[in-house]
J.: 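The structure that follows is given in the form of structure tokens.
By convention in this document, chain letters (A, B, ...) are assigned in the order of the sequence lines, proteins followed by strands, and residues within each chain are numbered from 1.
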Number of protein chains: 2
Amino acid sequence: MAEADKGAAVLSQDSRRRQTSWSTAEAIKGYIRDHGLTSGEPLPTETELCEVLGVSRSSVREAIRTLASLDIVQVRHGYGTYVGGLSLAPLVSGLVFRGSLNQDGTFGTLREVLQVRIALDLGVADELAAHYRGTTNSALRALVTQMRAHSRAGESFAAQDGEFHRQLLAPLDNTLVRQLVAAFWEVHTNVVPMLGIPRAADIDSTVEAHDEMLDALEAGDAEAYQQAVLRHYAPLRNAIDQALANG
Amino acid sequence: MAEADKGAAVLSQDSRRRQTSWSTAEAIKGYIRDHGLTSGEPLPTETELCEVLGVSRSSVREAIRTLASLDIVQVRHGYGTYVGGLSLAPLVSGLVFRGSLNQDGTFGTLREVLQVRIALDLGVADELAAHYRGTTNSALRALVTQMRAHSRAGESFAAQDGEFHRQLLAPLDNTLVRQLVAAFWEVHTNVVPMLGIPRAADIDSTVEAHDEMLDALEAGDAEAYQQAVLRHYAPLRNAIDQALANG
DNA sequence: CGGAATTTGTTCGTATGTATT
DNA sequence: AAATACATACGAACAAATTCC
């Protein structure tokens, strides 16, 4: 219970701890922990939780909604409540909203997200190079080929790009990094359309950079991979810097 | 506005009523966006929101609770509802809970958080070095002195450590990176006590590494700073690796 | 200092839509 | 196709907290 209190202290500062709806959410988290439930396993029904926790239906509902928005529980309408995926969805949601707040802040948000993405990609270079050294990866190559085709046709290749980065980081023994990279990729693709950026002329180099990243990793060259990552982000970086300078 | 609402209400009666609480949260976010509200500014009362959005108070309350858990709004009992700080508190909350789920996962969570912290600290080396080059920073030096005293007395120096890292990154023109580093620092300090790690013998080198980091930055040497960062995290890294190997 | 007014917090009852069996 | 279990939504009433006079 002391652990749960510490977690609560992050969000609730002083006296809110005694408030029913907050303590109910903490109690439900404690229930999950104490019963050793993992993602996908069912929780008691709302009415059962009312009895177990000794609070009203509305309080349980608000607590469940709180936990659902944090992806700690997942509600299936008309059927039941389950332990959630513990994903970083709330992070994405919050950042996208922040980016949508005002036109001025949107470019700033995008620039900040970009810097974090670069730092994370560079930070896993050694681990990735060690894993991919001496391998061949036809699935990833095929995604690059698809990207190239879409790009030349003037179409968006966001889907293939996302899948490429997801698969590339899949062998990483670090769920958090994978989820963070995926989350920021999602923020990225959600925020960019708000800006109406004209299609950059050097967008094709982004596609080719994917091949270079893969080349470097299969050669086991972490440094070359880092250079390729920087080339990969360069066009976007230029577009943002230009937009910030002009605005 | 009124006509549109009526039309929407008729439509929602037909089929979309199930999404009321979700759409209410979206509507409140839209209200914040459309009225250009920023952190700390007041929202309408719950009763007023009921009238404006055309839903019951229970639905408004659930939506507000959802937004509060994402730090998009902030509720003050008996006074009013305000736009929240848009912080990364929900991220911290979720990760601390994930770390508390099972003893096995706790070490894993800590290891993953550590890798992300390192990547972020290394990723801002250039920007920090450019800013600190040729400066002297007595406030940061004083914090290191305090850390040294606490460490030699066998006490925790978490407060000073957190303040050091916060102040060190303060000049960064990237709110997101600052918040992320602070968030992961918080996850870190919340998860570590769950483990009962024995006090490492080389903990003193962590304190000294802070001085080295500052030395490198004041010299404008980004590379040296990166090396100091790695030394700074080394004792903790060793403790975790050892624990994972023994467990 | 005390009390009135305002606002959020909690609870109950009821009706209705939804998914599974 | 019906039955059952469950979540969703609404409204009213009262409690607790905060502010302001």
J.: May I have the distance from E46(B) (atom CD) to dA13(D) (atom P), rounded to whole angstrom?
T.: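 Rounding to the nearest Å, CD of E46(B) and P of dA13(D) are 18 Å apart.
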
J.: Taking only the side-chain heavy atoms of R57(B) (C-beta and beyond), determine which of dA7(D), dA13(D), dA9(D) contains the nearest atom.
T.: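 Closest of the options to the side chain of R57(B): dA13(D).
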
J.: How close or far is atom P of dT6(C) from atom CG of L49(B), stated in whole angstroms?
T.: 18 Å

J.: Between D161(A) and H210(A), do the side chains contain a donor N or O and an acceptor N or O under 3.5 Å apart?
T.: yes

J.: With nearest nucleotide decided by heavy atoms, which residue, G78(A) or L43(B), maps closer to the 5′ end of DNA chain C?
T.: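 Per heavy-atom nearest nucleotide, the more 5' residue is L43(B).
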
J.: Between E112(A) (side chain only) and N174(B) (backbone N and O only), is there a donor and an acceptor less than 3.5 Å apart?
T.: no

J.: Any donor-acceptor pair under 3.5 Å between the side chain of S58(A) and the base of dC12(C)?
T.: yes

J.: Is any side-chain nitrogen or oxygen of R76(B) closer than 4.0 Å to OP1 or OP2 of dT8(C)?
T.: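 Result: no.
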
J.: Choose from dC10(D), dT19(D), dT8(C) the nucleotide whose nearest atom is closest to any side-chain atom of T20(B).
T.: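 Closest of the options to the side chain of T20(B): dC10(D).
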
J.: Between S21(B) and dA9(D), is there a side-chain N or O to OP1/OP2 distance below 4.0 Å?
T.: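 Affirmative; the distance criterion is met.
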
J.: Select one nucleotide: of dT11(C), dA17(D), dG17(C), the one nearest the side-chain heavy atoms of H77(A).
T.: dG17(C)

J.: Quick one: which of dT11(C), dT20(C), dT8(D) gets closest to the side chain of V55(A)?
T.: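 Out of dT11(C), dT20(C), dT8(D), the nucleotide with an atom closest to V55(A)'s side chain is dT11(C).
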
J.: Tell me which of Y79(A) and E62(A) sits closer to the 5' end of DNA chain C, going by the nucleotide each one is nearest to.
T.: E62(A)

J.: R65(B) vs E62(B), test: salt bridge (Lys or Arg N to Asp or Glu O under 4.0 Å). Steps then yes/no.
T.: CA-CA 5 Å; R65(B) 177 71 52 203; E62(B) 285 196 355; over 6 Å; no

J.: Would you mind reading off the distance between I64(B) atom CD1 and dT7(C) atom P, rounded to a whole angstrom?
T.: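 Result: 13 Å.
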
J.: Once you apply the 3.5 Å cut-off to both distances, tell me the Watson-Crick or G-U wobble partner of dC10(D), or none.
T.: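 Pairing partner: dG13(C).
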
J.: Give the rounded distance in Å between these two atoms: CZ of R65(B) and P of dT10(C).
T.: 7 Å

J.: Look at the side chain of S56(B) and decide which nucleotide, out of dA9(D), dT21(C), dT11(C), has an atom nearest to it.
T.: dA9(D)

J.: Mind checking whether F184(A) and H188(A) have ring centres under 6.0 Å apart?
T.: no

J.: When all nucleic acid strands are considered with a 4.0 Å heavy-atom cut-off, which category describes T81(A): base, sugar-phosphate, or nothing?
T.: sugar-phosphate

J.: Can a salt bridge be assigned to the pair E163(A) and R166(A) using a cut-off of 4.0 Å between side-chain N and carboxylate O?
T.: yes

J.: What is the distance, rounded to the nearest whole Å, between atom OH of Y82(A) and atom C1' of dC6(D)?
T.: 10 Å

J.: Round to a whole Å and report the spacing from CH2 of W22(B) to C1' of dA9(D).
T.: 17 Å

